[in-house]
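Written below as structure tokens is the structure these notes are about.
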Amino acid sequence: MKKLALDFYRRENVLEISRDLMGKVLVTNWGGGITSGRIIELEAYAGAPDRASHAFGGKLTDRNRVMYMDGGVAYVYLCYGIHHLFNVVTHRKNTPHAILIRALEPLNGIPVMLERTGKEEPDNSLTRGPGNVSKALGIHTIHTGFSLRSKELFIADDGYQYSNKEILTSPRIGVDYAGKDALLPFRYYVKGNAFVSGKPK
DNA sequence: GAGTAGATCCTCT
DNA sequence: GAGGATCTACTCA
């Protein structure tokens, strides 16, 4: 297991980084032990020109400030008053690119995830959907701005790779308000994986 | 299996 | 004061 280098996150093409993040392992290690999962679904948010992005038009607020930092940090925020959503900030300072992690395939610390989510048995809903991912890994808004190379939170490469045939793209979910940009195929997911959110195809 | 409503609170205008 | 990068449970068929 090798932590991804900062250069990985600081490239200019957010779609290329998204594709490369597929199959990598997201790890948290706080309050209860290590929990980790393989990234099997995500969405790219391409900064100021992207209507669906929180940073559309170069908007800068206290909430989205970390999106403007150098790549390689976490951006966590609360949605619908209930769900914590975890993003990876990419590109360089002042270019607010981000990638939303939508689903994982659980690897380590499943008992801890069950405890956090209040479930008895592991099932497909444990880490399906961005709200559940954060819940299972214990990610909260206080973790926004965290480095992705810290001891408590990081993304690693364990050598596993999905082939191009296994990865599909689609429009992003829940961004109908973004007009034309809602149709962009910026969502990546693993074909046939039971943890992918939305309707099975 | 498909469709819909309700939860619930922070952030921005 | 309004609305949101969502999830779950419940209804009806």
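Per chain, numbering begins at 1; letters A, B, ... match sequence-line order.
- Note on Asp158(A) versus Lys2(A): no salt bridge recorded, every NZ/NE/NH1/NH2 to OD/OE distance being 4.0 Å or above.
- Between the P atom of dC12(B) and the OH atom of Tyr77(A) lies a distance of 12 Å, rounded to the nearest Å.
- Not less than 6.0 angstrom separates the ring centroid of Phe186(A) from the ring centroid of Tyr188(A).
- As judged by a 4.0 angstrom heavy-atom cut-off over every strand, Leu78(A) is placed among residues touching the sugar-phosphate backbone only.
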* **Derivation and outcome, side chain to side chain contact (heavy atoms under 4.5 Å, CB included), residues Tyr75(A) and His54(A)** => CA-CA 11 Å; Tyr75(A) 170 45; His54(A) 285 167; 3.0 Å; yes

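- In this structure, the nucleotide among dT13(B), dT8(B), dA5(C) sitting nearest to the side chain of Lys59(A) is dT13(B).
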If you restrict it to nitrogen or oxygen atoms, what contacts under 3.5 Å exist between nucleotides 8-11 of chain C and the protein, and what is each distance?
residue, atom, partner, partner atom, Å
dT8(C), OP1, Asn132(A), OD1, 3.3

* Would you sketch DNA chain B in dot-bracket for me? Only Watson-Crick or G-U wobble pairs with both distances under 3.5 Å count, crossing pairs as [ ], other-strand pairs as |, the rest as dots. => |||||||.||||.

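- Look at Asp7(A) and Arg10(A) and you find no salt bridge, because none of the NZ, NE, NH1 or NH2 atoms lies under 4.0 Å from a carboxylate O.
- With respect to the salt-bridge test (charged N to carboxylate O, under 4.0 angstrom), the residues Arg128(A) and Asp123(A) do not qualify.
- Arg63(A) comes within contact range of the sugar-phosphate backbone alone, with a heavy-atom separation under 4.0 Å but no base atom that close.
- Using cut-offs of 30° and 60° on the angle between ring planes, the pair Tyr162(A) and Tyr160(A) is perpendicular.
- Under the 3.5 Å distance criterion, with hydrogens and angles disregarded, no donor-acceptor pair is assigned to the side chains of Asn132(A) and Thr127(A).
- In this structure, His83(A) does not reach the dA5(C) phosphate: none of its side-chain N or O atoms is under 4.0 Å from OP1 or OP2.
- Among the nucleotides dT6(C), dA5(C), dA7(B), the one closest to any side-chain atom of Pro130(A) is dT6(C).
- Residue ring and base: Tyr45(A) counts as stacked with dA5(C) (centre distance below 5.5 Å, interplanar angle below 30°).
- No side-chain N or O of Ser53(A) forms a donor-acceptor pair with one of Lys59(A) less than 3.5 Å apart.
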